[in-house]
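One structure is given here, and the rest of the page talks about it.
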Amino acid sequence: CARTYREAMYEAGTPTLGLAVGDIQVLQQRLTAARARFTRPITEEAYGGVGASIDDGCGNILNLHQDA
């Protein structure tokens with residue numbers, strides 16, 4: 001069932017959706033001010049760019065990525 005899958009992905013810390021962003025630093029400031037909870041801080045990615053993950057408040061982890 002989809003619910004079981006989503007819960008397993010969340011427990012494993014695996015993002016269920018990836019979003020490309022223009023300026024991850026500015027977005028982090030805005031989301032933090034709005035009380036979003038980051039599950040992974042901004043980190044340089046081995047494949048290029050930087051990424052971070054947030055809890056969307058509905059049981060999903062979203063991956064944010066900015067190209068280099």
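Predicted model, so just to flag it, every value in this text is computed and none were measured. All heavy atoms count here, side chains included; hydrogens, waters and symmetry mates do not.
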Item checked: Heavy-atom closest pair, residues Ile61 and Gly13 -> CD1-CA, 3.6 Å
Margin query: For Asp67 and His65, which I'm curious about, is there any donor-acceptor pair between the side chains at under 3.5 Å?
Written below: yes
Notebook entry, point to check: For the atom pair OH (Tyr10) and CG (Asp56), what is the distance rounded to the nearest 0.5 Å?
Noted result: 8.5 Å
Item checked: Within residues 13-35 or reaching into it, pairs that qualify as side chain to side chain donor-acceptor pair (under 3.5 Å) - sequence neighbours excluded -> none
Note to self: For the OH atom on Tyr47, are there more than 12 heavy atoms of other groups (residues, nucleotides or ligands in this structure) within a distance under 6.0 Å?
What the structure shows: yes
Check: Other than Phe38, which residues form its hydrophobic cluster under the rule that side-chain heavy atoms must be closer than 4.5 Å?
Finding: Leu17, Leu19, Val21, Ile24, Leu27, Leu31, Ile42, Val50, Ile54, Leu62, Leu64
Notebook entry, point to check: Rounded to the nearest 0.5 Å, how far does CG of Asn63 lie from CD of Glu45?
Noted result: 6.5 Å
